[in-house]
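What follows is a single structure, written as structure tokens, with notes after it.
When a residue number appears, it is its place in the shown sequence, counting from 1.
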Amino acid sequence: MALFAALVVATVIDIRTRRIPNGLTAALAGAGLGLAAFGTGGVSLWGAAAGLVVGLALMAPGYLLGATGGGDVKLMAAVGTVVGPSTVIWAFLFTGVAGGVLALIVAGQRGRLAATVAGTGRLMTATAGSAPLGVATPARRFAYGPAIAAGSALAVLLK
């Protein structure tokens, strides 16, 4: 329940401010690690720590390419502490699908559907070490917290 509550709060704040607060992600990560340490979280302490690292590693490339914000990365890492490494992989995959759908909806509403599809093509073909693509410029930015919430919730429910 702590995970679902944190995801709802992250979604609401991200939609309103386009930011996910460090305090929220730190609290969720702390709760995940604490639950694991006391054996009440469904994953071991090792699994919670590994989930944090895997969640961070999965989202970091998007941040480095300019496609996501730092709060998104930290939220997925915090999710990993609660669900463990294997489920956070599924959460990441489902988040990508939800994010893609959300991006198309937002782009359509803003009249930028063609530009968004072209930018996605550049992002998909970017190589390591390439310059940031500027995908998350203010004119193109949208709250990704809802996608992370949807993908993470789906991963947990299908687990």
Side-chain angles (χ1 to χ4, degrees), residues 1-110 112-113 116 120 123 135-159:
M1 291 310 281
L3 174 62
F4 291 110
L7 291 172
V8 168
V9 171
T11 295
V12 170
I13 292 172
D14 197 21
I15 288 171
R16 289 184 179 168
T17 68
R18 301 299 186 263
R19 298 181 55 85
I20 299 172
N22 289 336
L24 177 61
T25 56
L28 180 59
L33 292 167
L35 289 169
F38 289 103
T40 58
V43 296
S44 68
L45 186 56
W46 166 250
L52 184 141
V53 171
V54 170
L56 181 71
L58 289 170
M59 290 293 285
Y63 174 76
L64 295 174
L65 290 171
T68 61
D72 301 322
V73 176
K74 291 177 265 188
L75 181 58
M76 186 62 76
V79 167
T81 66
V82 177
V83 302
S86 61
T87 304
V88 82
I89 292 170
W90 285 107
F92 174 76
L93 294 171
F94 292 143
T95 293
V97 173
V101 170
L102 184 59
L104 292 174
I105 292 168
V106 169
Q109 290 175 336
R110 294 179 181 172
R112 298 187 44 85
L113 190 56
T116 298
T120 301
L123 179 63
V135 175
T137 62
R140 299 176 186 158
R141 189 170 298 152
F142 67 94
Y144 200 64
I148 295 171
S152 299
L154 188 59
V156 169
L157 293 173
L158 294 177
K159 179 179 170 187

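A 4.5 Å side-chain heavy-atom check between Leu113 and Leu104 finds at least one atom pair inside the cut-off. Side-chain contact between Val79 and Val156: absent, with no pair of heavy atoms (C-beta onward) separated by less than 4.5 Å. Residues Ser152 and Val83 have side chains not in contact (no heavy-atom distance under 4.5 Å, counting atoms from C-beta outward).
Residues Ala2 and Leu28 come closest through the heavy atom pair O-CD1, 4.3 Å. For the residue pair Thr11 and Gly145, the shortest heavy atom distance occurs at OG1-O, 3.7 Å. Nearest heavy atom pair, residue Leu52 against residue Ala29, reads CD1-CB, 4.4 Å. Contact between Ser44 and Ala36 at its shortest, heavy atoms only, is O-CB, 3.5 Å. Here the closest non-hydrogen pair linking Phe142 and Arg110 is CB-NH2, 4.2 Å. Here the closest non-hydrogen pair linking Met59 and Ile148 is CE-CD1, 4.1 Å.
Checking Thr95, Ile20, Thr68 one by one against Leu75, the side-chain contact (heavy atoms from CB on, under 4.5 Å) holds for a single residue, Ile20.
Taking a 6.0 Å sphere around CZ of Arg18, one finds it holds more than 12 heavy atoms contributed by other residues, nucleotides or ligands.
Between the OG1 atom in Thr87 and the CZ atom in Phe94 there is a gap of 10.0 Å [rounded to 0.5 Å].
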Test side chain to side chain contact (heavy atoms under 4.5 Å, CB included) on Leu35 and Val82 and set out the steps. CA-CA 8 Å; Leu35 289 169; Val82 177; 5.6 Å; no
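One N or O on the side chain of Asp14 and one on the backbone of Tyr144 form a donor-acceptor pair closer than 3.5 Å. Under the 3.5 Å distance criterion, the side-chain polar atoms of Thr81 are left unmatched by any main-chain donor or acceptor of Ala48.
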